[in-house]
2 protein chains.
Amino acid sequence: MLELSAGLESAHSLPIPFADEPYNHLKTFGEIMSSQSLRRLDAGQHLFHQGDSDRNIYKIESGLVRLYRVLSDGRRQIISLRFAGDILGFESAAMRDCSAEAVTSVRLRSLDQTSAYRRLRDEPALAPELVSLLSQELENARGQIAVLNRRSAIEKLSAFILELHRRQGESDSVEIPLSRSDIADFLGLTIETVSRNLTKLRTRRIIQLPQIHRLLILDLDGLEALAAGECENW
Amino acid sequence: MLELSAGLESAHSLPIPFADEPYNHLKTFGEIMSSQSLRRLDAGQHLFHQGDSDRNIYKIESGLVRLYRVLSDGRRQIISLRFAGDILGFESAAMRDCSAEAVTSVRLRSLDQTSAYRRLRDEPALAPELVSLLSQELENARGQIAVLNRRSAIEKLSAFILELHRRQGESDSVEIPLSRSDIADFLGLTIETVSRNLTKLRTRRIIQLPQIHRLLILDLDGLEALAAGECENW
DNA sequence: CGAACCATTGACCATGATCAATGATTGTGG
DNA sequence: CCACAATCATTGATCATGGTCAATGGTTCG
């Protein structure tokens with residue numbers, strides 16, 4: 001089994017049964033993941049690095065994780081942001097194709113793929129959920145491709161804010177747990193362009209920026225129009 | 001798919017979760033697909049459309065398929081190109097998140113997902129291959145994200161040519177089964193920029209263009225240097 | 001042969017990158 | 001607790017890349 005931090009949470013986690021035992025009490029992967037012991041990472045710590053042979057599946061209980069690649073010229077491309085509730089790392093490959101790093105402090109659970117496959121063998125009905133998890137990541141990546149290409153900075157940024165808004169329960173007050181540099185590397189822009197366009201949104205009364213990592217949406221419709229590229233005269 | 005995949009080729013190998021079990025007698029997913037009946041599509045015909053509830057898995061025996069989305073402003077983004085030998089459409093979702101269209105005439109086989117899952121229930125050992133197939137599409141999409149962002153037109157185009165080169169068995173003569181418009185929509189450029197940069201490659205003696213859909217690589221090293229962004233003075 | 005479509009080339013322009021300076025925020029040691 | 005350094009964010013000036021508009025050339029197919 002894994003060497004996970006033996007916090008008080010692990011006292012509540014289920015013992016790992018023998019492979020031949022039935023798992024009737026655990027019907028979904030989500031439940032199986034939730035029964036694993038909790039681990040804690042500080043901001044900046046890595047779950048795994050690009051090229052690692054790490055074979056774990058992770059479920060984020062709280063916090064934010066970025067998946068990124070470093071290009072040959074040294075620039076960083078953030079491939080995906082993973083929020084609380086997301087599962088990541090299910091892809092089967094000899095090596096990790098990107099690095100995973102905690103953006104904020106993160107609580108997560110992990111399960112090694114071998115155990116996952118063993119459970120799948122015993123409970124084939126889990127397969128559709130497994131496929132669904134990977135499909136969601138694929139859909140996520142494809143959406144990112146569509147956003148990155150041929151969209152203006154203001155469209156990218158508006159769409160990004162709306163995504164944060166959505167993932168934080170539609171509250172008008174949106175927390176931005178990322179630095180400007182993270183946003184830039186995610187959207188394929190520079191920090192200057194991110195900053196300039198945030199200012200633009202601010203002066204047009206679309207948003208307010210009470211704190212650097214906190215944002216207030218003043219005009220949701222306007223923001224959505226911008227994200228959809230419906231505003232020409234900007 | 002394009003750029004970083006070179007160092008991650010081995011990442012596509014199948015995991016072997018139960019090393020103690022005899023694996024050899026088990027059918028692979030590829031074999032199951034190959035036993036399905038052959039279908040033929042002309043260029044321009046669709047396998048499925050974005051929004052369809054189609055639930056088939058496809059294996060391309062010959063030809064080229066493009067997966068694309070149409071953005072809200074009407075522009076097309078090609079998400080992925082699928083070549084002979086590739087399997088596609090495994091993602092589980094209520095609706096297709098993109099359209100799949102034959103670029104050339106295509107021979108393919110299909111299998112509905114329900115049958116696939118039934119197959120998987122009988123042979124749970126197929127699961128790793130299934131996961132691997134989806135993982136490859138995910139890796140592909142992530143590579144595309146890395147290429148699209150913050151790379152110059154000449155880098156994108158060089159990487160694209162090298163990818164075609166690689167997928168066609170490293171021959172110096174590369175067939176380009178796509179129109180300039182397809183290349184543009186795939187790389188996130190305009191047809192004019194594609195054309196101009198092809199001309200640039202031609203005048204610098206990196207390639208020749210004997211026919212519109214045929215290309216000859218004269219200087220492979222130079223092309224690779226360009227794809228890696230190692231040339232400043234262009 | 002002409003029509004339709006695709007590709008190439010040119011002129012011009014807009015968006016966002018780069019370079020540079022200043023402000024704001026955070027962290028550290030005296 | 002303050003002072004200083006370091007990091008991060010904002011703003012400005014300039015420039016280059018690639019998009020847009022437009023004209024021409026080439027290919028294919030009836």
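- Nucleic acid contact for A:Ser195: base, since at least one base atom lies under 4.0 Å from a heavy atom of the residue.
- Ranking C:dA7, D:dA22, D:dT11 by closeness to the A:Glu192 side chain, first place goes to D:dT11.
- Atom pair B:Ile212:CD1 and C:dT9:P shows a separation of 11 Å (rounding to whole Å applied).
- Counting only heavy atoms from C-beta on, B:Ser152 has its side chain closest to D:dG18 among D:dG18, C:dT8, D:dG12.
- What separates CD of A:Glu155 from P of D:dG19 is a distance of 14 Å, to the nearest Å.
- When only modelled atom types and interatomic distance are considered, B:Gln50 and B:Arg96 share no side-chain donor-acceptor pair under 3.5 Å.
- One atom, CD1 of B:Ile154, and another, C1' of D:dT17, lie 12 Å apart when rounded to the nearest Å.
- Residues A:Leu209 and A:Arg150 each lie close to DNA chain D; by heavy-atom proximity, the contact nearer the 5' end of the strand is made by A:Leu209.
- The aromatic ring centres of B:Tyr58 and B:Phe90 sit 6.0 Å or more apart.
- The side chain of B:Thr193 contributes an N or O atom lying less than 4.0 Å from OP1 or OP2 of D:dG19.
- Interface remark: the A:Arg196 side chain does form a donor-acceptor pair with the C:dT18 base, using a distance-only criterion of under 3.5 Å.
- The side chain of A:Ser181 places no N or O atom within less than 4.0 Å of a non-bridging phosphate oxygen (OP1 or OP2) of D:dC8.
- Relative to the side chain of A:Arg180, the nucleotides C:dA7, D:dA9, D:dT11 differ in distance, and D:dA9 lies closest.
- No donor-acceptor contact under 3.5 angstrom links the side chains of A:Ser195 and A:Arg180, judged on distance only.
- Residue A:Leu187 contributes atom CG, which lies 15 Å from atom C1' of C:dA17 at whole-angstrom precision.
- Going from atom CD1 of B:Ile176 over to atom P of C:dC6 covers 16 Å, rounded to whole Å.
- Rounded to a whole Å, the CD1 atom of B:Ile207 is 14 Å from the C1' atom of C:dT8.
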Could you give the side-chain donor-acceptor pairs of residues 205-214 of chain A under 3.5 Å, partners two or more places apart or in another chain?
from     : atom 1 : to       : atom 2 : distance (Å)
A:His213 : ND1    : A:Ile176 : O      : 2.8
A:His213 : ND1    : A:Leu178 : O      : 3.3
A:Arg214 : NH1    : A:Ser173 : OG     : 2.8

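- The CG atom of A:Asp185 sits 11 Å away from the P atom of C:dA17 (whole-angstrom rounding).
- Closest to the side chain of A:Thr190, out of D:dA9, D:dG19, C:dT18, is C:dT18.
- Listed nucleotides: C:dT8, D:dT10, D:dT11. Nearest to the side chain of B:Ile191: C:dT8.
- Salt-bridge formation is detected for the pair B:Arg150/A:Asp185: a Lys NZ or Arg NE/NH1/NH2 atom is positioned less than 4.0 Å from an Asp or Glu carboxylate oxygen.
- We find that CZ of A:Arg214 is positioned 16 Å from P of C:dT25, with the value rounded to whole Å.
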